[in-house]
Protein chains: 2
Amino acid sequence: MGYEEVCGVTAVDRRKVGRVRRKMMAEEQISRMAYFFQAFSDLTRLKIILALEVEKELCVCDLTMVVGVSMSAVSHQLRYLRNLGVVKNRKQGKMVYYSLKDEHIKELIHTVTEHIHEE
Amino acid sequence: MGYEEVCGVTAVDRRKVGRVRRKMMAEEQISRMAYFFQAFSDLTRLKIILALEVEKELCVCDLTMVVGVSMSAVSHQLRYLRNLGVVKNRKQGKMVYYSLKDEHIKELIHTVTEHIHEE
DNA sequence: TTTATACTTGCGCAAATGTTCAAGTGAGAG
DNA sequence: CTCTCACTTGAACATTTGCGCAAGTATAAA
């Protein structure tokens, strides 16, 4: 299948590479996964997420206090997280309340905490 | 404790914000966590990680084949992942073999896969 | 209606990120 | 020794990112 066409390298173990190609998920799915991880890779966004884990529902004001950047920045990131399906919002009068959209996130955080604490 | 000094906002629920501040992890730990998530947030790095999950050990050549960017790019990202403690390497002659450093990563991937597939 | 408040959004900028190119390292073959 | 191969590294570059500013929307109060 022309492995060498990708680069000039010759020492490839074709069997291994073949196995990986067959077993690994599709490019598009990996892409979505990477994009999802990006949600957690920024300090502001991660603070927002962790705050919403402690307190189920917070308005943009409260989040601004907790995170410590401008309300504009928080709002930008909230849109990002909303588009990604990590948070949802509920309007009530002038206020907008945000909360986490699902519970897998606690698991995620837990797993990573374990990784960080070991070694 | 002067919440209003952070920004001009007035509609803050001080009790909620206080609770979050007390319960949330320390800034430094959040920072490390964000940095860790960054490992998984890039397509090249994620492909490397997923490839090493399928095939326990791969040389830089093989990884280059799988990922589809230059060997230089792969090498840069491998250093990044090594510094972060996600992968380790083993030299044997001219070849360098990389593998995942710990098993929590499978859990992580599994949790995220679940999240992505639902809704 | 006018004013204030809670939040959103477009724009521009500075900083961070990922890639390639080209040079460099180190091990093995000839 | 020289040459090749597998890999690493530093620099330059383009792209992406996250932020604040300033203007805008929507709701509520006066």
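Just so it is clear, the model here is predicted, and its values are computed rather than measured. So you know, we letter chains A, B, ... as the sequences are listed, proteins then strands, and number each from 1.
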Need one value for A:Ala73: base, sugar-phosphate or nothing, where a base atom within 4.0 Å counts as base even if backbone is also close, heavy atoms only.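 It contacts sugar-phosphate atoms only.
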Just call it for A:Tyr98: base, sugar-phosphate, or nothing, with non-hydrogen atoms closer than 4.0 Å on any strand.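 Touches sugar-phosphate only.
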According to a strict under-4.0 Å criterion, is [X] in side-chain N/O contact with OP1 or OP2 of [N]?
{"X": "B:Ser70", "N": "C:dT20", "value": "yes"}
{"X": "B:Gln38", "N": "C:dT17", "value": "yes"}
{"X": "B:Arg45", "N": "C:dG18", "value": "yes"}
{"X": "A:Gln77", "N": "D:dC19", "value": "yes"}
{"X": "B:Arg79", "N": "C:dG18", "value": "no"}
{"X": "A:Thr44", "N": "D:dC19", "value": "yes"}

Spell out yes or no: do the side chain of A:Ser72 and the base of D:dC19 have one donor N/O and one acceptor N/O closer than 3.5 Å?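 A donor-acceptor contact between them is absent.
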Polar side-chain contact A:Ser75-C:dT9 base: donor and acceptor under 3.5 Å: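 It does not, because no donor-acceptor pair links the side chain of A:Ser75 to the base of C:dT9 below 3.5 Å.
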Closest-nucleotide 5' rank along DNA chain D - winner of A:Gly93 and A:Ser41: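 Its nucleotide being nearer the 5' end, the pick is A:Ser41.
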Check each of A:Arg19, A:Lys23, A:Lys16 against B:Glu55 using the side-chain hydrogen bond (donor to acceptor under 3.5 Å, both in side chains) test, and report the only one that passes.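 Single pass found, and it is A:Arg19.
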